[in-house]
A.B. asks: 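There's a structure below that I have some questions on.
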Number of protein chains: 2
Amino acid sequence: METAPRIPAEEADHDISLCPFVVGAWARLLQVAPTLLATVEAELKQAGLPPTQWYDALAALERAPQEAMAPGEIERHLLLTQCTTSRLIDRLVAEGYALRVVNPDDRRRQIVHLSAAGKTLIARMWPVYAAAIRRHVGRKLAPDDAQALIRILEKLA
Amino acid sequence: METAPRIPAEEADHDISLCPFVVGAWARLLQVAPTLLATVEAELKQAGLPPTQWYDALAALERAPQEAMAPGEIERHLLLTQCTTSRLIDRLVAEGYALRVVNPDDRRRQIVHLSAAGKTLIARMWPVYAAAIRRHVGRKLAPDDAQALIRILEKLA
DNA sequence: TGACAATAGATGCATCTGCATATAATTCTG
DNA sequence: CAGAATTATATGCAGATGCATCTATTGTCA
């Protein structure tokens with residue numbers, strides 16, 4: 001989480017073009033993002049709510065047509081691996097927040113539907129989640145900063 | 001990893017002050033940082049090298065006085081939890097990259113020393129690590145962007 | 001001094017992840 | 001149409017993490 005040591009001697013040999021700002025940006029990015037996430041996750045847990053990943057998945061379902069998506073779509077949408085997605089869906093289904101339905105036309109395929117309980121959960125999570133984002137991001141950034149951050153991060157994506 | 005849905009109806013009720021840029025910045029941050037990290041980790045693994053965390057820990061040791069630190073210092077330095085740090089040190093010691101020495105004056109305390117093999121590993125990892133950072137960060141950002149990113153991330157820290 | 005608090009670190013357990021592979025269903029091909 | 005290739009999803013296993021707790025050692029204070 002700290003990376004970017006005071007540039008060691010060998011750096012000059014191998015990476016003349018790696019300027020300190022780049023290393024610094026890398027180090028900060030990898031320090032700040034997980035720290036913020038952990039803070040927000042802790043606030044959700046504190047409120048007796050599941051992790052942000054559950055929210056992300058359920059919210060993606062909510063705004064999909066029919067409030068349903070194929071596992072593969074969820075995977076691409078949340079940028080998860082296939083096996084992580086499969087098991088995330090397992091947990092959502094086990095808790096009753098989503099339903100798996102096998103596509104009768106192609107029985108390899110499934111459609112994951114948001115359940116009523118899932119909609120309720122989203123509604124319960126969002127206020128807590130949003131408050132945490134506001135507290136830990138919104139309050140610390142000027143509006144221009146937030147825009148600039150988005151612009152720069154999009155270059156990195 | 002996607003977060004920040006198209007703002008659901010209930011948002012207005014609970015979080016009037018949470019502007020879309022803030023939510024967008026949060027979402028991008030949590031999308032981009034892990035993706036970049038995974039990419040860089042993959043390049044290290046590809047080169048037969050251990051994860052960035054090992055580099056971070058060993059590099060921290062390298063520039064500490066005597067090339068040694070207490071576990072608690074490493075923990076604070078890398079922003080890890082106590083148990084994560086303990087087991088990270090286990091692995092480094094098991095591979096011979098570091099040594100645990102019990103402090104004779106207070107046998108609860110240890111000092112973790114960088115070994116010669118550890119120094120070698122740092123030197124082997126840095127070129128690969130730096131090249132990956134340059135490729136995935138340096139090349140994508142204008143110099144001003146990198147500075148701006150640092151400045152904004154520091155506000156969030 | 002002797003019991004209790006505090007500190008540094010380790011560890012058992014449950015959970016989560018990735019990797020590789022397995023399973024099941026469908027499509028392609030000769 | 002049989003057999004191979006492809007696609008969608010699941011799963012066994014190993015490794016890493018957090019949480020809570022445990023052990024060992026030292027400090028405190030009556």
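Computed from a prediction, not measured in an experiment: that's the story for all the values here. So you know, we letter chains A, B, ... as the sequences are listed, proteins then strands, and number each from 1.
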A.B. asks: Looking at Arg109(A), I'd like to know whether one of its side-chain N or O atoms comes within less than 4.0 Å of OP1 or OP2 on dT26(C).
C.D. replies: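 For dT26(C), neither OP1 nor OP2 has a side-chain N or O of Arg109(A) closer than 4.0 Å.
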A.B. asks: Could you check how far CZ of Arg87(B) sits from P of dA8(C), rounded to whole Å?
C.D. replies: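 After rounding, the gap between these two atoms is 19 Å.
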A.B. asks: Gln110(A) near the nucleic acid: base, sugar-phosphate alone, or nothing, with a heavy-atom cut-off under 4.0 Å?
C.D. replies: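 Contact class for Gln110(A): sugar-phosphate only.
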A.B. asks: Do the side chain of Gln147(B) and the main chain of Asp144(B) share a donor and acceptor less than 3.5 angstrom apart?
C.D. replies: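 Between the backbone of Asp144(B) and the side chain of Gln147(B) there is no qualifying donor-acceptor contact (under 3.5 Å).
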A.B. asks: Could you check whether the rings of Trp26(B) and Tyr129(A) sit parallel, tilted or perpendicular, using 30° and 60° as the cut-offs?
C.D. replies: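 Perpendicular, since the angle between the ring planes exceeds 60°.
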A.B. asks: Provide, to the nearest angstrom, the distance between the CG atom belonging to Leu37(B) and the C1' atom belonging to dT17(D).
C.D. replies: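 To the nearest whole Å, that distance equals 15 Å.
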A.B. asks: Please determine whether any donor N or O and acceptor N or O are separated by less than 3.5 Å between the side chain of Arg108(A) and the base of dT7(D).
C.D. replies: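 Counting by modelled atom types and ignoring angles, a donor-acceptor contact under 3.5 Å is found here.
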A.B. asks: Judged by each residue's nearest nucleotide on DNA chain C, which is more toward the 5′ side, Thr85(B) or Lys45(B)?
C.D. replies: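 By nearest-heavy-atom nucleotide position, the 5'-most residue is Thr85(B).
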A.B. asks: Please tell me which of Pro51(A) and Asn103(A) maps to the more 5' nucleotide of DNA chain C, matching each residue to the nucleotide holding its nearest heavy atom.
C.D. replies: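 Closest to the 5' end, via its nearest nucleotide, is Pro51(A).
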A.B. asks: State whether Arg107(B) places a side-chain N or O below 4.0 Å from either non-bridging phosphate oxygen (OP1 or OP2) of dT25(D).
C.D. replies: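 For Arg107(B), the contact criterion (side-chain N or O under 4.0 Å from OP1 or OP2 of dT25(D)) is met.
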A.B. asks: I want to check one thing: is the phosphate of dA10(D), taken as OP1 and OP2, less than 4.0 Å away from some side-chain N or O of Ser86(A)?
C.D. replies: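 Yes, within the criterion.
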A.B. asks: In this structure, which one of Leu149(A), Leu156(A), Ile152(A), Leu153(A) forms a side chain to side chain contact (heavy atoms under 4.5 Å, CB included) with Arg28(B)?
C.D. replies: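 Single side chain to side chain contact (heavy atoms under 4.5 Å, CB included) partner of Arg28(B) among Leu149(A), Leu156(A), Ile152(A), Leu153(A): Leu153(A).
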A.B. asks: What's the CG-C1' distance between Leu78(B) and dT17(D), to the nearest Å?
C.D. replies: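 Leu78(B) atom CG is separated from dT17(D) atom C1' by 15 Å.
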A.B. asks: If I take atom CE in residue Met69(B) and atom C1' in nucleotide dA8(C), what distance separates them, rounded to the nearest angstrom?
C.D. replies: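 Between C1' of dA8(C) and CE of Met69(B): 16 Å.
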A.B. asks: Should the side chain of Gln82(A) and the base of dA8(D) be counted as holding a donor-acceptor pair, with the cut-off at 3.5 Å?
C.D. replies: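 Check fails, no donor-acceptor contact within cut-off.
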A.B. asks: Could you state the CD-P distance from Glu75(A) to dT9(D), rounded to the nearest angstrom?
C.D. replies: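 Going from CD in Glu75(A) over to P in dT9(D) covers 8 Å.
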A.B. asks: Starting from the 5' end of DNA chain D, give me the residue, Glu73(A) or Leu88(B), whose nearest nucleotide shows up first.
C.D. replies: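 Of the two residues, Glu73(A) wins.
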A.B. asks: Distance check: side-chain N/O of Gln53(A) vs OP1/OP2 of dT15(C), anything under 4.0 Å?
C.D. replies: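 False: Gln53(A) side-chain N/O out of range (4.0 Å or more) of dT15(C) OP1/OP2.
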A.B. asks: Write down the distance between CD1 (Ile89(A)) and P (dT11(D)), rounded to a whole number of angstrom.
C.D. replies: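 Whole-Å distance recorded here is 13 Å.
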A.B. asks: Whole-Å distance between dA8(C) C1' and Ile74(B) CD1?
C.D. replies: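 The answer, rounded to whole Å, is 13 Å.
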A.B. asks: Determine, for Asp145(B) against Arg151(A), whether the closest basic-nitrogen to carboxylate-oxygen distance falls under 4.0 angstrom.
C.D. replies: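 Looking at Asp145(B) and Arg151(A), the cut-off is met.
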A.B. asks: With hydrophobic residues grouped by side-chain heavy-atom distances under 4.5 Å, do Tyr97(A) and Leu78(A) end up in a single group?
C.D. replies: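 Tyr97(A) clusters together with Leu78(A).
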A.B. asks: Using whole Å, report how far CZ of Arg76(B) lies from P of dG9(C).
C.D. replies: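 Atom-to-atom, Arg76(B) to dG9(C), this comes out as 9 Å.
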